[in-house]
Amino acid sequence: MASPVTDSAGLSPLIETVSWNADAVGTLSMPEAEAPMSSSVLNSCNIPKPPPLPSKIVTRNKHPKWPPESCFVPKETKDMWDKLFKDGNGADLCIFTEDKSCIFAHSSVLSIASPVLGYRIRQSKIKHGMKYIQIPGLPHDAVLVFIRFLYSSCYEEEELKKYALHLLLLSHCCSVPQLKRVCICYLEQDFLTTENVIDTLLLARKCDAPRLVLICVRMVVKNFKSVSSTEGWKLMKRIYPDIEQELVESVVEADSKKEERQRKIEEKKVYTQLYEAMEALLHICKDGCRTIGPRDKMLKGNQIACNFPACKGLEALVRHFSGCKTRVPGGCGHCKRMWQLLELHSRMCNEPDSCKVPLCRHFKEKIQQQCKKDETKWKLLVNKVIAAKNGSYLFSSR
């Protein structure tokens, strides 16, 4: 039986008392005729009003807020349907549960609330004027909470927390989407542990809850060592080896992505240091720093700390390079790095004719004689150094 108040559930209309003076109607007077307005005034009156200022932007939450409303109808309606269910007056249906106990209900109410249950009720046998159906494999109290929700659209939070998995299965199998959403919301936010995540994952796959499946998989990947030692994992491995294989592959993929991410972070550090070395080299050769610099600059040994982080190390490398006895490429490791830094600078420099960095123009001329393979390697290095400084290295295509 349809309830006349279901369409107005949750609404609380404001009733205003309006006083009406009938005598005042006869005393109303027409407004006096006014002088005609000028064309400029008429034009200003025709200008539409500007739109109101934007109000506070309301953003949709990424996940439903928990706990949601435990009752979807007014209290009076809830009490009425709860009384009908508890008293069982006029009940024509008996629902047998796992412990062979019986829950009395009204077949018309359940048929309206759940089309699936309605079909089962129509297919059931009638004995002594009573219809009988069976819901096996689930606790009696869980079925009781479910049937009560079909009557009053309400539940107790403690009962939901205790029978969340059972209610999710019942709401999915009996096509009760409102209760299913509530169960999924609770399982996603307040239920999952390393002990029950496998059971929840298996049930979520059966009950068509993709977001809950994703959350469970992420938890398994994050806590794989502890989850793989639980009884749920061992049972799943024996019964559903394909699902176990999928989870292992997800763990391997997550580890590979983590290692790849860490490798790129380390590479970015190296390329960032190279860019800082280029800046420091140009700073030393152009402006001078502390006790080293071009000949036309007067340097002070006690000047304040340099703003270039690579300047101190590069200063020592330049001093070694200027006084090394075996200053040939490949003869000294320190000098070899200096040769590479000078060549990298020349490839990044746009003004070789006026550049004060030593050998800049020499390397520019040498570039034209290099083979294509070496040229490709240097171009790739230059691009990565520039990308690392711009902060786009981690997102650049390899």
Evaluate salt bridge (charged side-chain N to carboxylate O under 4.0 Å, His left out) for Glu156 paired with Arg148, printing each intermediate quantity in order. CA-CA 10 Å; Glu156 301 297 333; Arg148 182 210 170 192; 3.5 Å; yes
Taking [Y]'s backbone N and O only, do any of them form a donor-acceptor pair with [X]'s side chain (distance below 3.5 Å, no angle check)?
{"X": "Asn196", "Y": "Phe191", "value": "yes"}
{"X": "Lys180", "Y": "Cys207", "value": "yes"}
{"X": "Ser171", "Y": "Leu168", "value": "yes"}
{"X": "His106", "Y": "Asn89", "value": "yes"}
{"X": "Ser114", "Y": "Ser111", "value": "no"}

Is the number of heavy atoms from other residues, nucleotides or ligands within 6.0 Å of [atom1] ([X]) greater than 12?
{"X": "Asn350", "atom1": "CG", "value": "no"}
{"X": "Arg347", "atom1": "CZ", "value": "yes"}
{"X": "Tyr119", "atom1": "OH", "value": "no"}

Same apolar cluster: Met219 and Leu235, side chain cutoff 4.5 Å
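Met219 and Leu235: one cluster.
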Exercise. Test salt bridge (charged side-chain N to carboxylate O under 4.0 Å, His left out) on Glu259 and Arg263 and set out the steps.
Key: CA-CA 6 Å; Glu259 292 175 0; Arg263 185 185 64 81; over 6 Å; no
Taking atom CG of Leu192 and atom OG1 of Thr200, what is their separation to the nearest 0.5 Å?
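Here the rounded value is 5.0 Å.
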query = Residues two or more places apart in sequence or in another chain: which of them pass salt bridge (charged side-chain N to carboxylate O under 4.0 Å, His left out) with Glu98?
reply =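 Applying salt bridge (charged side-chain N to carboxylate O under 4.0 Å, His left out) to Glu98 gives none.
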